[in-house]
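All figures in this text were calculated on a predicted structure; none of them were measured in a lab. In the text below, chain A, chain B and the rest are named by the order of the sequence lines, each starting its count at 1. Atom set for the values below is all heavy atoms of this structure, side chains included, hydrogens, waters and symmetry mates excluded.
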Amino acid sequence: MDTPRSNFLKTQIQADLDAGRSDCVVTRFPPEPNGFLHIGHAKSISVNFGLAAEFGGQCHLRFDDTNPEKENQIFIDAIQEDLRWLGYEWHGEVRFASSYFEQLYQWALVLIDAGNAYVCDLDAEEARAYRGTLTEPGKDSPYRGRTTAENRDLFQRMRAGEFADGACVLRAKIDMASPNINLRDPILYRVRHATHHQTGDDWPIYPTYDFAHGQEDAIEGITHSICTLEFEDHRPLYDWLIEHLPVPHRPRQIEFARLNTSYTVTSKRKLKLLVDSGTVDGWDDPRMPTVAGMRRRGYPPAAIRHFCEEVGTSRSDGMVDMAMLEHAVRGHLNETAPRAFCVLRPLKVVLTNVDETSVLRIANHPSDESLGHREVPFGPELWIDSDDFRESANKKYKRLVIGKRVRLRGAYVIEADRCDTDKAGTVTTVYCRVIENTLGEDPGDGVKPKGVIHWVASHGAATAELRLYDRLFNDANPGRAEELLSVVNTDSLATIVDAVIEESLTNAEPEQVFQFEREGYFVADRHAHSNATPVFNLTIGLRDTWGGGNG
RNA sequence: UGGGGUGUCGCCAAGUGGCAAGGCACCGGGUUUUGAUCCCGGCAUUCGCAGGUUCGAAUCCUGCCACCCCAGCCA
């Protein structure tokens, strides 16, 4: 269903295939297990898994776990769950950079033996000073001239745990005057006496991203290592390491622009701030752009995948309109969500010429009969939305007005005669008459109803809690704000505790999405919903093109 | 003012010398027992700017301009 579209990644991979530089396509999604997946990751996942699928190749899931102090098993589990939920299946076992630590260590020795790496005792601050600046070249470290034997001995002792954290590092010997700062003798290993979630206390030293990533790709036979633009400057180093090491395969790194979506932030620090400040309910709050958040919000995984594909893949920075994601969500839900009735602001209607209850059979979807029908109780007293009634209104108002007719969706046409109001002037009850023979037919007298409204019979109803979500930020580009919390939309959540739902909805399963007719799509909350205490989250409202403000 | 990138409709984005796809948004009109969906139609004489090459340029050349990334023992 997703129309294949051209992008530079496909073009270049096809060129590699045609030229014989590659004979298959193997990609990988390499998250560091230090946080939850978000919409940006979903894009990367879509790109990597999509490319593999399109070219008949495979995509690996590899945890880039080279920094134990920031990582956690919790994220390893959560990421796998999110990936599966999104609908992707990685090839083979889950991989870990940490399972290549011994090989990486051996290759570091190869670099040392060839005079391409050395142990440097400069501390972090000194190293920064020696590195130079963007416009000035760096200076050689005083330890750059150590002999191969000395470097080998020192590095082996680093590995043996003889040095304290930060005491020394292993560096590649490239060029301290390179205009590309990544080539100014980059650090390959650092000493870190930390327990690793996978390797325990086996290692007192850990490879850096630069030393690990390309080699991991080579080990796994990754043909195309797709990453984001900020790694472009690292490519020369990526290639340098591959060239100087006896790796079994030569992967190619290609960068693309990360996805930015309006009205959202994806920085780990900022997402954490939202959680820690209590602005949201947690990492899976329905307003969060995390995969878990979108799941709890009721976004179909297929819609997220479709959106990632529709948005395209390029090398130019930009910000995609959130409306595009919402369009994808509505599109999928319109086709798949069963319809049901829910009255958000209950107003009592008494049908003065009805005195018996009955049951109506109503289609669950206006155009897809496979979704079947449901039985909906009908009777002399019902609830309609208070917004759907006015004592008087102009002809643009297509709902219930005294002296006028409206159709009860799936049921009869009624006409309002009068209403009761309390001392504040608020309407409390509307008295109407059912027009004879209007079930499935227009009134015989030719007077057509002004519109169609939804309803729930009071004798066949239940109460539900509704959580109405709106965008989390007032600023389209919240990531740019100096103070993130100053641009949060304080009205991003409105709770209705006494909405009225038709009784069939009490059988909803957590995570099941419905379209509450004329209102929007709602999902039974993963955590709070139960048949006894129904709780629905607003996934997304129906598109509202009603220009008229009054009536 | 070092290096690396990017500039095509309000937002994404195809296009790779032959006469500007598509989607989102928006604006009209039609259908409709959801003011939804669906359907039809409109929406860049112009591709950051200025020159040049060519019969012909968004695509090639030159020079500008704007924006993004890089000085973690993070990834």
Side-chain angles (χ1 to χ4, degrees), chain A residues 3 5-8 11 30-32 34 64 66-67 69-70 120 122-124 127-129 131-138 165-171 178-184 186-192 205-206 208-210 212-213 227-236 255 257 259 262 268 307 310-328 330-331 334-335 339 341 362-363 365-367 396-399 406-413 438 440-442 449 451-454 476 515-520 541-548:
Chain A
T3 316
R5 60 159 62 208
S6 171
N7 67 48
F8 79 101
T11 303
E32 183 188 14
N34 68 346
D64 214 358
T66 58
N67 188 3
E69 292 171 309
K70 292 186 175 174
C120 179
L122 251 28
D123 65 30
R128 190 186 328 123
R131 193 152 34 227
T133 68
L134 294 178
T135 54
E136 305 163 66
D165 286 7
C168 50
V169 296
L170 180 72
R171 294 227 245 170
S178 173
N180 181 344
I181 293 181
N182 294 298
L183 261 21
R184 316 238 265 228
I187 290 165
L188 270 23
Y189 267 93
R190 67 279 214 188
V191 177
R192 206 102 313 167
I205 57 174
Y206 292 95
T208 56
Y209 166 85
D210 284 317
H213 208 92
C227 62
T228 42
L229 253 26
E230 67 268 28
F231 291 102
E232 187 155 28
D233 290 339
H234 293 244
R235 193 173 53 206
E255 315 80 22
L259 168 69
S262 63
K268 216 155 278 170
F307 165 71
E310 276 301 296
V311 127
T313 307
S314 74
R315 288 174 64 86
S316 60
D317 297 303
M319 177 163 291
V320 174
D321 194 331
M322 188 61 179
M324 234 191 239
L325 209 207
E326 297 179 336
H327 171 79
R330 285 196 186 95
N334 176 51
E335 292 181 359
R339 315 284 125 132
F341 296 153
I362 298 178
H365 194 281
S367 55
K396 281 187 156 185
Y397 186 75
K398 298 167 57 176
R399 313 179 198 183
V406 80
R407 160 142 250 136
L408 293 177
R409 170 123 247 241
Y412 309 86
V413 170
T438 52
E441 294 179 42
D442 282 334
V452 181
I453 65 174
H454 55 102
Q515 183 199 104
F516 289 170
E517 295 212 34
R518 301 206 315 128
E519 293 290 357
L542 250 29
R543 205 160 75 96
D544 183 5
T545 54
W546 183 37

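Side-chain nitrogen and oxygen atoms of A:R190 include at least one within less than 4.0 Å of the OP1 or OP2 phosphate oxygen of B:rC74. Residue A:R235 places none of its side-chain N or O atoms closer than 4.0 Å to OP1 or OP2 of B:rG4. Dashed line: the shortest gap from a side-chain N or O of A:R131 to OP1 or OP2 of B:rC70 is not under 4.0 Å. Remark: A:S316 is in phosphate contact with B:rA13, judged by side-chain N or O atoms under 4.0 Å from OP1 or OP2. Put simply, A:R128 has a side-chain N or O that comes within less than 4.0 Å of OP1 or OP2 on B:rG72. Neither OP1 nor OP2 of B:rA14 sits under 4.0 Å from any side-chain N or O of A:R5. A:T66 has a side-chain polar atom (N or O) that falls below the 4.0 Å cut-off from OP1 or OP2 of B:rA75. Between A:S6 and B:rA14, a side-chain N or O to OP1/OP2 separation shorter than 4.0 Å is absent.
For A:V452, whose side chain is taken as the heavy atoms from C-beta onward, the closest listed nucleotide among B:rG2, B:rU34, B:rC73 is B:rU34. Of the candidates B:rA75, B:rG3, B:rA36, the closest approach to any side-chain atom of A:P179 belongs to B:rG3. When the nucleotides B:rG35, B:rC69, B:rG5 are ranked by their closest atom to the side chain of A:E232, B:rG5 comes out on top. The side chain of A:E230 approaches B:rC69 more closely than any other nucleotide in the set B:rU33, B:rU37, B:rC69. Distances from the side chain of A:V320 to the nucleotides B:rG35, B:rU37, B:rC12 place B:rC12 closest. Of the candidates B:rA13, B:rU33, B:rA71, B:rA71 carries the atom nearest the A:T133 side chain, counting heavy atoms from C-beta on. Here the nucleotide nearest the side chain of A:R192, chosen from B:rG4, B:rU6, B:rC74, is B:rC74.
Of the residues A:I205, A:V191, A:L188, A:I187, the one that meets the side-chain contact (heavy atoms from CB on, under 4.5 Å) test with A:V169 is A:I187.
No donor-acceptor distance shorter than 3.5 angstrom exists from the side chain of A:S262 to the backbone of A:A476, with no hydrogens or angles considered. Put simply, the side chain of A:T228 never gets that close to the backbone of A:E230: no donor and acceptor are under 3.5 Å apart. When atom types are taken as modelled, the side chain of A:H213 and the backbone of A:T208 share no donor-acceptor pair closer than 3.5 angstrom.
For A:E335 and B:rU37, a side-chain-to-base donor-acceptor distance below 3.5 Å is absent, hydrogens and geometry of angles not being considered. Judged by atom type and distance alone, A:N180 does not reach the base of B:rG4 through any side-chain donor-acceptor pair under 3.5 Å.
Taking atom P on both nucleotides, B:rA13 is separated from B:rU6 by 13 Å, rounded to a whole Å. Here, B:rC26 and B:rC9 have their C1' atoms 12 Å apart, quoted to the whole Å. B:rC68 sits 47 Å from B:rG30 when the P atoms are compared, rounded to a whole Å. Comparing B:rC12 with B:rA58, their P atoms sit 22 Å apart, to the nearest whole Å. Of the C1' atoms belonging to B:rG41 and B:rU34, the separation is 25 Å, rounded to the nearest Å.
A:R409 and A:E517 are joined by a salt bridge, as a carboxylate oxygen and a charged side-chain nitrogen come within less than 4.0 angstrom of each other. Residues A:R315 and A:E232 are paired through a salt bridge, judged by an N-O separation under 4.0 Å between the basic side chain and the carboxylate.
We find the CE-CD distance between A:M324 and A:E310 to be 8.0 Å, quoted to the nearest 0.5 Å.
Regarding the sugar-base torsion, B:rG23 falls in the anti class, its angle being beyond 90° of 0.
Look at B:rG41: its Watson-Crick or wobble partner, with both distances under 3.5 angstrom, is B:rC27. When Watson-Crick and G-U wobble pairs are counted only if both distances are under 3.5 Å, B:rA14 pairs with no nucleotide at all.
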Review item, nucleotides 24-29 of chain B N/O atoms under 3.5 Å of protein N/O:
unit_1: B:rC24; atom_1: OP1; unit_2: A:H327; atom_2: NE2; d: 2.9

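The nearest whole Å value for the distance from the CG atom in A:D233 to the C1' atom in B:rC68 is 11 Å. Computed from coordinates, the A:R184 CZ to B:rG4 P distance equals 13 Å when rounded to whole Å. The distance between atom CG of A:L229 and atom C1' of B:rC69, rounded to the nearest whole Å, is 8 Å. In this structure, CG of A:L134 is placed 13 Å from P of B:rG4, rounded to the nearest angstrom. Rounded to an integer number of Å, the gap from A:I181 CD1 to B:rG2 C1' is 8 Å. Going from atom CD of A:E255 over to atom C1' of B:rU6 covers 13 Å, rounded to whole Å. One atom, CZ of A:R518, and another, P of B:rU37, lie 14 Å apart when rounded to the nearest Å. A:R315 places its CZ atom 12 Å from the P atom of B:rA14, with the value rounded to the nearest Å.
The shortest distance between side-chain heavy atoms of A:V406 and A:V413 does not fall below 4.5 Å. Using a 4.5 Å heavy-atom threshold, the side chains of A:P236 and A:L183 count as touching.
Taking the six-membered ring where tryptophan is involved, the planes of A:H234 and A:Y209 are perpendicular, since the angle between them exceeds 60° and thus also 30°.
Toward the 5' end of RNA chain B, the nearer of the two residues A:F8 and A:E32, judged by each one's closest nucleotide, is A:F8. Judged by closest nucleotide on RNA chain B, A:A257 is the one of A:C168 and A:A257 placed further toward the 5' end.
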